[in-house]
Amino acid sequence: PVVSKRSACVVCSSSGHSKQWLMGFRFSFTRYVIPSLDRSHAGFYRCIVRNRVGALMQRSSQVQVAYMEGFVEGERSQVVSQGEAALISPPQIHSFPRPGITWFRDGRKIPPSSRIALTLDNTLVILSAVAPDAGRYYAQAVNDKNGENKTSQPIILNVESDVSECFRSVWLSTLTTDSTELFAEHPQFVKEPDRHITAEMEKVVDIPCQARGVPQPDIVWYKDAVPISPAKTPRYRVLVGGSLQINGLLPDDTGMFQCFARNLAGEIQTNTYLAVTSIAPNITAGPSDSAVIDGMSIILHCETSGAPRPAITWQKADRVLASGSVQLPRFTLLESGSLLISPAHLSDVGSYTCMASNSRGIDEASADLVVWARTRITNPPQDQSVIKGTKAAMTCGVTHDPSVTVRHIWEKGGAAIDVKSSPRLRLDSNGTLHLSQTWSGDIGTYTCKVTSVGGNDSRNAHLRVRQLPHAPENLIATLSSSERRTINLTWAQAFDGNSPLIRYILEVSENNAPWTVLLANIDPEASSVIVGGLIPARSYQFRLCAVNDVGKGQFSRETSVRKVPKMEKKNVLLNSIEVAAYNGAGQGVYSPKVTEWTLQGAYQIAFRKNSSSITSANVDVLNPSARQYTATGLKPESVYVFRLTAQTRKGWGEAAEALVVTTEKRARPQPTSHPVVPQEEVQARSVLLSWEPGSDGLSPIRYYTVQYRELPDSNWTVHSASVNHEASSYVIDKLKPFTSYQFRVKATNDIGDSEYSEESEAITTLQDAPDKAPTILSVTPHTTTSVLVRWKPPPEEEINGILLGFRVRYRELRYDRLRSFTVRTVNSPSANWAELTAPYSMRNLTESSLTQYELDNLNKHKRYEIRLSVYNAVGEGPTSSPQEVFVGEAVPTAPPQNAAIQSSTATQLDVTWDPPPVEAQNGDIQGYKVQYFDVLQLDPKILLQSKCTFVKSCSGFNEIFFYSTAPSAPSFIHFSELTTTSVNMSWGEPKQRNGIVEGYRVVYEPCTPVDGVSKVVTVDVKGSTPLWMKIKDLADGVTYNFRIRAKTLTYGPEIEANITTGPGEGAPGPPGEPFISRYGSALTLHWSSGDPGRAPITRYVIEARPSDEGLWDILIKDIPKEVTSYTLNLDTLREGVTYDFRVIAVNDYGYGSPSAPSPSISAQKVSPFYEEWWFLVVIALVGLIFILLLIFILIIRGQSRKYTEKTDSGGKVFSVCSSSRSPPRPSPGSLHYSDEDVSIKYNDLVPAESSSLTEKPSEVSDSQCSDSEYELDPSRQKTHSFVNHYISDPTYYNSWRRNVLFHSCHLTCEWLHLYYVTATDGLG
């Protein structure tokens, strides 16, 4: 403790850096100074030390601030009886530390004595108080830390005269109640963590920390000086005893962890550094090549290890199917890393790659998936109703993979139909079942089942055979006792001929007269009728027949003759009605007599407008036999109230009322309200549907129709179309367990049907026990004491819930069928049954994905019976049919021993071996299988392996030699770039080459004839070429079968696959018809986007074909999706050929439908006008005319000049041009050409300098022609020409050279020579 109003200093000593105090104020690296202390500074202080590794927190240091305030209470009085103990508690005072208390009475200090004592809480105790003890008592408080003292207000004690000793012992015990101080032991660690802990990511690590002390210390954990809260971070959990468990380690878990143990005696701490490491990913169980039926689900497994947990990405080619951030429809990345494809489509065929990656690296594995076209019933049988004796045909059309064989099985009522058992039955190859001469025995539900390796399917239909109804039975005629001249007829309804009755016909014979129709339209539901208005004193006979849609049935037997007596009109009185009860002991006492009068014989009907008063009603009294009344004179579009009352002698009975609307505006009823299904009414196979009726459209509701549908994709199905019109709820049964449904209702009146109501909320029926058992595929011995059971689970819809696992039941069959009977003794005399076989043992398999299981710990050389069942949360389904297996012999579990090989010839190897150990043979050895690998080192980087298999059936044979065989089948076939008329086909090398592969043979043909023709195409491919080819002569929408096999010395087995041309499901629609614009030597195609399909368009493809019935081929592959035009150069096409173009859109589902072909356009280049022949001819003629004209002008000008001779500086100048002597012209034979000239000529290459033909005289300085424009270029390369050769030859040159040349002559000669040289070059 520190005195108040002073400063405090807390010291923190540690190694490392960056110390931080939990409370503010100024601090240095090792001290924390608190100036001007007050009470708010009291508390616990900790020092946190941080560096790049983490943070540590020291044990807490307590700062206590001494203070004392005044007493809180004022003056008070206290009364005690004489002889009792007086307890005077000190007034409350706020102080730290707890002050010392001294008691005073009347200003004098009270010393302790045998009668006066002070308790631990400073209470003053006076035993056996007496009168002198009364007075004013004061408490003085002293704080020994800051020296302050305070005196309380007086406490007045009054002592009464009553003496009671009974409480003395109580107060004496009070003195010792709090006298015992608590004992506390400082915490000590029992178990501490290591100073450094290393663990892998996503693993679980336990950091130990246990302490003891009194009381038991509390354990608190910190990470980097921050308290750990398991509630906020569920991965952190404090175990019993105090240790910390961290689940699923992450990189952020790296750091300093501290464990504090605290109790009343203090606290201690320990720490450790946790380092989380990482491991490169590894695919421990990759995907395997699999096959699935179209529409079914399949899982490609991919189990990985690594730290941090690798991220899984599934790819098909370059397309990502599923990952942590990407998931395409139908492709689901499971928690285990496996890929769920649900449902699988035919387009899913291909190679799938599982790629696992984390911060340490990448690992991947691939597998191929084959999808079979699903077998489906596309033309199912329909419910039929035929007349007895006619024919019935039940169709069952199927679509299936062409390579799959389909089998039709017909059942009736669950029993298979044998069409060979009756000549009335016939089954067509297309699955149609024909029944002739139908009769009532053919009535029932027929099921068509289709089985194939491509899947199974079944459909039901009901056959009803109608016939004439039977005659009504027990037709009885009795005279009416209540009405005169009336006969009551009753009968029992007969068989309706499997067709609802339409009416009854009643005939009568009066006084033996011929039969005549009396009533021709009696209600088919009636079983009685009243015939009135008969003539008294005449006899009558009646007969009755029923009518259905087949016709009129036979008449019933005639009734006995009834004669109508004459009767006076009177009331009929029923007297002496008595009732008695009876039981097994006899009859009881009759009740008092009751007298009752029958119907007097009168009806009263009254009707009025609903808006009028009762007094305005029209009233009619009707005959007692009346059953119908017609009211006339009513006003249209009005509401009337009709009231009907019956009368007896006792008076009028209760009235029946009805409202009638006189209108022709009757309408269909309104839909019912939103139907609901209470959750408590939901069962596994039924629900209770409720609704509120809508308006009846002023016409009575006749019935309701209830529909349901399975979610998510099923169509609406009628459950009942005859729900009672008065019903507002209906039990819908025959539902599937654990299936989601929706319901809707419609009402029907005489006008028609209402709209269907709104759909109910989706409800899911409850789970039920499975309906079907698994199918045991095989039970084979695995070892001498175990068998391997393989099975196929029941269909998902038969499980009726979530599959939890399987149960395997097995028992040993103790009887021996071939030897003798077994005698069993039943010990209990009262037993009435006995178990002849051993009870089943059971094993519970909780993994629902299992399809095989090794059943072990069986007895050797025993026969066992095995059954299998599935179970869900509700219960267990039926068990499978029993499978028997003999345990005792299995495949060998060890290889042959001491295998050795020896070369005997250049082409033969001898191999020898010893049998496997006896204990591992598991039976008698029947033969051996020998495999060999022929290793051919064709390239340092390529190791070719071929593999052959030989099986020898002689167990004693242990030597074999080998020869080369044909290669195995190619490893795979893959299709890509599938369009309506073409496909790219690639394949893999054989896994066993058995030599050098020389080539492949590809054969393809349509599975069904195209336009009546089935063309088989065979293509041989060399082994050195790439393993793919483009097929372009296909027809749209046709399924083709492709087969390929490899060849070494001979052809090996083939591999085959089917592909259907045309766009797949979800592919884009056709783009708009393209049009073409042409610019010079370039064509630009323009088109518009079409339907993108189920996924966005990723690119466009342009196809081209020659217009003369050529084949379409891909011209441009990867055109960006945003582009709707493309420019191509005519150089890419064959010149002079006319082409058609079309555009195809591509998305993730494949190539879509092509657009309509573009207008045909020629690939002929359009040359510019300056390259046309006519333009060149014109230019040549113009140039020739210009040259001739120039020569003519120069010649004329030269002849008109006079050549004069002048003297200048001792020299002579004379004209050469006037001389009749012409300079000698060189002949081509005297010229010599260099190889450089020849090479340039033959290569059609013209140097840059060849565009102008120039001369370079050897001595230009000798020419003194004035105004000469010839300039000497010393850097110019000498040009080989006639002029150069001519001038460079001194013989010719000196013969006409003169000192000075006239300017005009020089120009003339130069142009002449140029013209000559040009002409000569052109000829030579």
Please determine whether side-chain contact (heavy atoms from CB on, under 4.5 Å) holds for the pair W691 and V676, giving the CA-CA distance in whole Å, both sets of side-chain angles, and the decisive distance to 0.1 Å. CA-CA 7 Å; W691 65 87; V676 296; over 6 Å; no
Atom pair [atom1] ([X]) and [atom2] ([Y]), whose distance is rounded to the nearest 0.5 Å:
X: E200; Y: S278; atom1: CD; atom2: OG; result: 9.5 Å
X: C259; Y: L244; atom1: SG; atom2: CG; result: 8.5 Å
X: T739; Y: N800; atom1: OG1; atom2: CG; result: 7.5 Å
X: N247; Y: Y236; atom1: CG; atom2: OH; result: 10.5 Å
X: N143; Y: E69; atom1: CG; atom2: CD; result: 11.5 Å
X: F806; Y: E876; atom1: CZ; atom2: CD; result: 12.0 Å

Under 4.5 Å between any side-chain heavy atoms of [X] and [Y], yes or no?
X: K223; Y: T233; answer: no
X: S81; Y: E160; answer: yes
X: L157; Y: I126; answer: yes
X: R807; Y: Y871; answer: yes
X: V49; Y: C47; answer: yes
X: L250; Y: V276; answer: no
X: T284; Y: N282; answer: yes
X: R685; Y: D768; answer: yes

Set out, in order, the CA-CA distance, both residues' side-chain angles and the distance that settles side-chain contact (heavy atoms from CB on, under 4.5 Å) for N872 and F738, then state yes or no. CA-CA 11 Å; N872 58 20; F738 203 57; over 6 Å; no
Any side-chain donor near an acceptor of the partner, [X] and [Y], under 3.5 Å:
X: Q258; Y: Q269; value: yes
X: S740; Y: T764; value: yes
X: S760; Y: Q742; value: no
X: R105; Y: Y138; value: no

Please give me the minimum heavy-atom distance between [X] and [Y], naming the atom from each residue.
X: N263; Y: E185; answer: ND2-O, 2.9 Å
X: A85; Y: V80; answer: O-CG2, 3.7 Å
X: G875; Y: A769; answer: C-CB, 4.4 Å
X: A261; Y: A211; answer: CB-CB, 3.6 Å
X: A131; Y: V159; answer: N-CG1, 4.0 Å
X: Q767; Y: A684; answer: O-CB, 3.8 Å

For side-chain contact (heavy atoms from CB on, under 4.5 Å), just list the numbers for K736 and T765, CA-CA rounded to whole Å, side-chain angles, deciding distance to a tenth of an Å, and then say yes or no. CA-CA 7 Å; K736 298 179 182 179; T765 53; 5.7 Å; no
Could you check whether any side-chain N or O of [X] sits under 3.5 Å from a backbone N or O of [Y], counting only pairs where one atom can act as donor and the other as acceptor?
X: S95; Y: R98; answer: no
X: R195; Y: N271; answer: yes
X: W103; Y: P90; answer: no

Less than 6.0 Å separating the ring centroids of Y222 and F260?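 Yes, they do, as the ring centres are separated by less than 6.0 Å.
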Would you indicate whether Q327, at its atom CD, is surrounded by more than 12 heavy atoms from other residues, nucleotides or ligands within a distance under 6.0 Å?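 For Q327, atom CD is crowded (more than 12 foreign heavy atoms under 6.0 Å).
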Any carboxylate oxygen within less than 4.0 angstrom of a Lys/Arg side-chain nitrogen, looking at [X] and [Y]?
X: R115; Y: D133; answer: yes
X: D856; Y: R843; answer: yes
X: R235; Y: D253; answer: yes

Any chance you could lay out the side-chain contact (heavy atoms from CB on, under 4.5 Å) test for I732 and Y741, step after step, and finish with the verdict? CA-CA 11 Å; I732 302 177; Y741 288 94; over 6 Å; no
